[in-house]
Amino acid sequence: MLDMKLIRQNPEIVAEALRRRHSDIDLTKFQENDRLRRELLIEVEALKNKRNEFSRVIGERKRNKQNADELIAEMQVVSSRIKELDEQLQVCEATLNSLLLEIPNIPLPDVPEGIGEQDNVELRRWSEPRSFAFEPLAHWDLGEKLDILDFERGARLAGARFTVMKGAGALLERALVNFMLDLHTGKHGYREIFPPFLVNADAMTGTGQLPKFEEDLFKTTTGYYLIPTAEVPVTNLHREEILDDNDLPVCYAAYTACFRAEAGSYGKDTRGLIRQHQFNKVELVKLTRPEDSAAELEKLIADAEEVLQLLGLPYRVIILCTADLGFSSAKTYDIEVWFPQQGLYREISSCSSFTDFQARRAGIRYRSASGRTEYVHTINGSGLAVGRCLAAILENYQTEGGNVIIPEALRPYMGGKGII
RNA sequence: GGAGAGAUGGCCGAGUGGCUUAAGGCGCACGCCUGGAAAGCGUGUGGGCGGGCAACCGUCUCGAGGGUUCAAAUCCCUCUCUCUCCGCCA
């Protein structure tokens, strides 16, 4: 959520940001309601002031056994007017709030402007894709041949976009989770969190999934939502809190399963592990001082990249253009890992700064060194998506005989196993 | 799931309609005192919104939301959460 005062005082900044995003949101309805709200507030607060003062006088008279009938009669009129105005105010504020919740974040100045995916900019590549002396298999074919991925039985149990991992496949998935968590909590200094996988609507609103993106989420009959990413519970850990300056930055790493309805992605990535309703992810989340957030985002993506470096998987980093940027994000880097069978790089991590957008929605503040309470900046990124990582290992490390070599770094987590 | 008890400021805790602008204590900050410190004494101490250049003023905030009343921490209704006991359960 944007700062109301920014929209009020510098609407041209917000309008320009919306233009860069190619958003069709119109600010005039917001501005009208904002003006109305302040008019109502000024009137109703003056009346409440009067009511408070007169109540004091009435109380005094009653105690002294004096008559206060005319004052009470007068206050009846004032009170009913207050009630009217409060009702109008409530409607006005509800409108204002729902408008505010639908305005996306302002992209940072270094985000390239664009009209679609094709305008994202590649920043760097790490390592060279291996050249194969044979035709590499897709991970779904390889996984089925090795009997470690079972798409058919996944469909039997749940439906399309669900997979069963078996034997060495299940072990590899678990090894990746542990390897990533150990790296981030050990070398990189994150604190491990194991949060609930279901959250309430307030948490989803805090990080920006609600109210706009409800159709992407799974919801229980009892009103809970299944988390689409650990970002939701972990960022909301500190909802409605004021943190101490000394505690920043707060750095958390969390493994969770993630659940996505994948509405609107019919026909996309229908085979394999790339697009599942349920997948595993290790997520990195930071709460920082505003002045540190740019540097902390760079550190976070370096932490995520190191996972791929240690696994020896070639990747590239791109920065998303304004049109491809998520609703809550001010700046997003994607890490894309090489998939040899398709011959292209595919997203395996998305690292974003949300500036104060989520913090304002979730009420996450800190007391700065100067004593002011300010909103923190929130940052998060995948470190990494586990299923896609497993798929990348299968494809990049396959042998001509249809086996898979386990990267050195993972072997301690695989009971010393070197090959599947 | 059943029964009962609770939820008050950073923390503890008083408060059954107006004298509460939330008592008192602890903590914290600053000052006095001191060679320095402790103790002691004094002062201050949340957040949101609105107005104002500012100092400051107003308003809201006693788990949440409604209601009664001229007036609600206090009375009524609904909900949430916590604790205790019972039941069920990985």
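By convention in this document, chain letters (A, B, ...) are assigned in the order of the sequence lines, proteins followed by strands, and residues within each chain are numbered from 1.
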**Study point:** Base partner of B:C81, which must satisfy Watson-Crick or wobble distances under 3.5 Å
**Key:** B:G6
Revision key, fill the gap. RNA chain B nearest-nucleotide lookup for A:Arg63 and A:Ile242: closer to the 5′ end is A:Arg63
Check your understanding: What does B:A37 pair with, Watson-Crick or G-U, if both distances are under 3.5 Å?
Key -> none
**Study point:** Nucleotides bounding contact with chain A, strand RNA chain B, heavy-atom threshold 4.0 Å
**Key:** B:G18 to B:A71
Check your understanding: Which of residues 52-61 of chain A sit near RNA chain B, with a heavy atom under 4.0 Å from it?
Key -> A:Asn52, A:Ser55, A:Ile58, A:Gly59
Check your understanding: Under a 4.0 Å N-O cut-off, is there an ion pair linking A:Asp110 with A:Lys331?
Key -> yes
Review point. On the ring face of A:Tyr375, is A:Arg360 found with NZ or CZ under 6.0 Å from the centre and within 45° of the axis?
Key: yes
Practice item. Please say whether more than 12 non-hydrogen atoms of neighbouring residues, nucleotides or ligands are located less than 6.0 Å from CD in A:Gln342. Key: yes
Check your understanding: At their closest point, which heavy atom of A:Leu172 faces which heavy atom of A:Met414, and how far apart are they?
Key -> CA-SD, 3.6 Å
Review point. Does the distance from a Lys or Arg side-chain N to an Asp or Glu carboxylate O, for A:Glu113 and A:Arg21, drop under 4.0 Å?
Key: no
Review point. Across all strands shown, which nucleotide pairs with B:U69 by Watson-Crick or G-U wobble geometry, both distances under 3.5 Å?
Key: none
Study note, to complete from the structure: When A:Asp34 and A:Asn49 are each assigned the nearest nucleotide of RNA chain B, the 5'-most assignment goes to A:Asp34
Practice item. Could you tell me which nucleotide pairs with B:U45 by Watson-Crick or G-U wobble geometry, both distances under 3.5 Å, or answer none if nothing does? Key: B:G27
